[in-house]
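Proteins get letters first, then strands, A, B, ... in listed order; numbering begins at 1 in each.
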Number of protein chains: 4
Amino acid sequence: MPTQKVAPDSSRRSQSARRAILTAALDLASELGYAKLSIEGIASAAGVGKQTIYRWWPSKGALLFDAFLTLTTEGQDVGEAALPDTGDLAADLKTVLRATVEELNDPRYDLPMRALHIEVVHDPALAAAYQERLDGPLRELKKERLRAARRAGQLAEDVDLDVAVDLLFGPILNRWLQRTGPLTAEYVDQVVDTALRGLRPTPPAG
Amino acid sequence: MPTQKVAPDSSRRSQSARRAILTAALDLASELGYAKLSIEGIASAAGVGKQTIYRWWPSKGALLFDAFLTLTTEGQDVGEAALPDTGDLAADLKTVLRATVEELNDPRYDLPMRALHIEVVHDPALAAAYQERLDGPLRELKKERLRAARRAGQLAEDVDLDVAVDLLFGPILNRWLQRTGPLTAEYVDQVVDTALRGLRPTPPAG
Amino acid sequence: MPTQKVAPDSSRRSQSARRAILTAALDLASELGYAKLSIEGIASAAGVGKQTIYRWWPSKGALLFDAFLTLTTEGQDVGEAALPDTGDLAADLKTVLRATVEELNDPRYDLPMRALHIEVVHDPALAAAYQERLDGPLRELKKERLRAARRAGQLAEDVDLDVAVDLLFGPILNRWLQRTGPLTAEYVDQVVDTALRGLRPTPPAG
Amino acid sequence: MPTQKVAPDSSRRSQSARRAILTAALDLASELGYAKLSIEGIASAAGVGKQTIYRWWPSKGALLFDAFLTLTTEGQDVGEAALPDTGDLAADLKTVLRATVEELNDPRYDLPMRALHIEVVHDPALAAAYQERLDGPLRELKKERLRAARRAGQLAEDVDLDVAVDLLFGPILNRWLQRTGPLTAEYVDQVVDTALRGLRPTPPAG
DNA sequence: AGCTAATCGAGACGGTACGTCATGTCTTTCG
DNA sequence: CGAAAGACATGACGTACCGTCTCGATTAGCT
């Protein structure tokens, strides 16, 4: 059930224009931030007519989303990827989240990622696409890792995996979005440790 | 350290214009959503010259924030309020969060609240003001309730209260912002139960 | 000296496409008027690719001109036609001019004819083609009739025939183009009578 | 009965912007001709926002017309002017028409005047304004001169003055618009002489 | 009570961007 | 292989807002 119209991609479509647009979109987003990002600017930076953008993307948000999807996953298939599994769940989660935090703290990614999140917060259609094509698959990977942990007896049987993912990954995103506080490795560790404490199986009552 | 310039509020300022503007801002935000909200529209809806807005607020975000702050706390002092404390921490948290969820699900509040969050995500200065004047005080109330619970032995001594607040309240906000899934009472209960499990003191090893 | 490039008319050219284009051009001109007449619209109304138009006509004006030339003279050869000659010059001219006026007043012809005249006023190359292929031949017919009148002693010997044609036919076209006043049979009669008074041979001084 | 909406000219209107726009309009019209004349170009040449043009003029034609009206009559009141009257009607008419022809042949005036005429041919509303504010007053001057001639016994009593004006002035305009032939002093003389022959009182029948 | 200066509503101004339409060229697909 | 279909870069359209700026006309607060 595709929720967001995505380019039908006729064979006549110019692939070079497409790439130039996606690249320009990300570049400008990281230079200018959401508010000053304009279709007009993207078109001119990409050396492309505005109509070529309007022809293939229904909104600035959809374009930004496509740019993220295309340029950040470049070749690698999300479906095939997986979270690290060393057997130590806490360590693995900290590894992943520290990488995330590093990315979020990278000024090169900060602005465009905020722009994308703003669009997602604003536009329900885009939010649906985001869940379906980006967040959903990633969440699946996370749940897969947690399922493995559960099989290894490291997770309580009755824990809802979606809730578990929310507890583990939500706070970091939140703190970044709202700038509630600094995004440090320490914070990551605290979140993982505390959340995992609630997710571990109850020790057999003494 | 006041981060966001707030109206110096000379005595000559027209209070009727101020209220009309704040009201119009919230009303239009809930009618139109963030993207179509314009200073021009607010001025005309409030029956006010544009300059009167630009004179007192430095940005659309600051105005929106002021509107929230003024019209939603109307008289009641945040500092004096407190979270319910029946002695049952889980029940109290569920009560509060269910009320929050109900508000977030109310179409009358959805759009303007999204608008405000978008501004906060976008503008660091506004985010600072938001933390200082809205989110900060509320977080203090939450921490106060958790402190009481800790005194009552319902919370581990070594838990960072900010992390605790993040684990308890973050996931709900996240799910609403990103529309990851439906915001139901069941979800609230699961989050509270699971998070609290990790926050409770470790039972003496058997 | 052919001034306007006219279709070389290769034998491979699709005659059905040609007719569809010319017809669509005239139809749309009469529906929309000059300003809203577009190549794009003509192509789509004719069920034809844009390139097929650009291949055979150098400009919108040339196409419009061709449409007029082809569809209004349809078969009848301008060279063979002639103005009526009943022996009564004034009556013959009034007959012809009243017919002209009727056509100009016909809403079906008004808009496309204005469109053509606008192109002629604007584009010297098209004006040349217009003189050579449309206005010129017609003017020859008019002069021929006047020559006959001169032979019959109804016209002064020293009158320049081009000036005569201008005096007789110019005012009507002018009044139509500029909407200086209503185009009526009475006006036609007045113009013919007054102009002819100046064109007739001077009576032998008494 | 004002037919064309003309700027209400509120007191807040910037006169410097107005003049810059009118000047730029004429200048660009004479540089580029009708087809390439754009509001966008005029705005930018005048150093003015597009909206400032759209605020005060309803169409490109109305602007062009206003530019002509304002900049060519500059101060001098059309109502007060008059055609020369030396007592010799033919000579006076030739004087006036030769001046007209000279202007029409001036490349500086050719293009903008064609642009104006194109708009007039195209747009009935503009044509009405043109008749009311430009052509009408001028025609009145011409008729006034002819009336004087009639009083002096140089014109037949039964001649319709409008028809007379059409016969005398129409052919020159026509030849210019349609480029039927060169606009020379000789042509002017021929037209005046021939037309006047038809307008003079019939000599008492011998 | 009258004066003066800040504030008000209104809205024009130079701009930027919007999203649409048409231009004339080029490329792909089909009959 | 020619014609339809239509993508492309370009550029103008007319509109909406931006943030600044002037206008009188209120409307305080201070002589």
Please report, rounded to the nearest Å, how far the C1' atom of F:dG14 is from the CH2 atom of D:Trp57. 16 Å
For the pair B:Asp66 and B:Arg18, find out whether any cationic side-chain nitrogen is under 4.0 Å from an anionic carboxylate oxygen. yes
Give the B/S/- string for nucleotides 18-24 of chain E, one per nucleotide from 5' to 3', where a protein heavy atom under 4.0 Å of the base yields B, of only the sugar-phosphate yields S, and otherwise -. BBBBSBB
For the side chain of A:Thr70 and the backbone of A:Ala67, is there at least one donor-acceptor N/O pair under 3.5 Å apart? no
What integer distance in Å separates A:Gln15:CD from E:dT28:P? 12 Å
Rounded distance (Å) that lies between atom P of E:dG9 and atom CZ of B:Arg18: 14 Å
Ring geometry between C:Tyr34 and D:His122 (parallel below 30°, tilted from 30 to 60°, perpendicular above 60°): perpendicular
Examine D:Arg19 relative to D:Trp56 and say whether NZ or CZ is less than 6.0 Å from the centre of the six-membered ring and inside a 45° cone about the ring axis. no
If I take atom OH in residue A:Tyr34 and atom P in nucleotide E:dA17, what distance separates them, rounded to the nearest angstrom? 14 Å
For the pair made of CD1 in D:Ile53 and C1' in E:dA12, what is the distance, rounded to whole Å? 14 Å
Does A:Arg55 make a side-chain N or O approach to OP1 or OP2 of F:dC8 shorter than 4.0 Å? yes
Keeping the roles fixed (side chain from B:Lys60, backbone from B:Leu37), state whether a donor-acceptor pair exists under 3.5 Å. yes
Checking the side chain of B:Arg114 only, and the main-chain atoms of B:Tyr109 only, is there a donor and an acceptor separated by less than 3.5 Å? no
Examine E:dA6: is either OP1 or OP2 under 4.0 Å from a nitrogen or oxygen in the side chain of B:Trp56? Give yes or no. no
How long is the line joining CZ of D:Arg13 and C1' of E:dG14, in whole Å? 16 Å
Assign each of C:Thr52 and A:Val48 the nucleotide of DNA chain F bearing its closest heavy atom; nearer the 5' end lies the nucleotide of C:Thr52
Donor-acceptor pair under 3.5 Å, D:Arg12 side chain vs E:dA10 base: yes
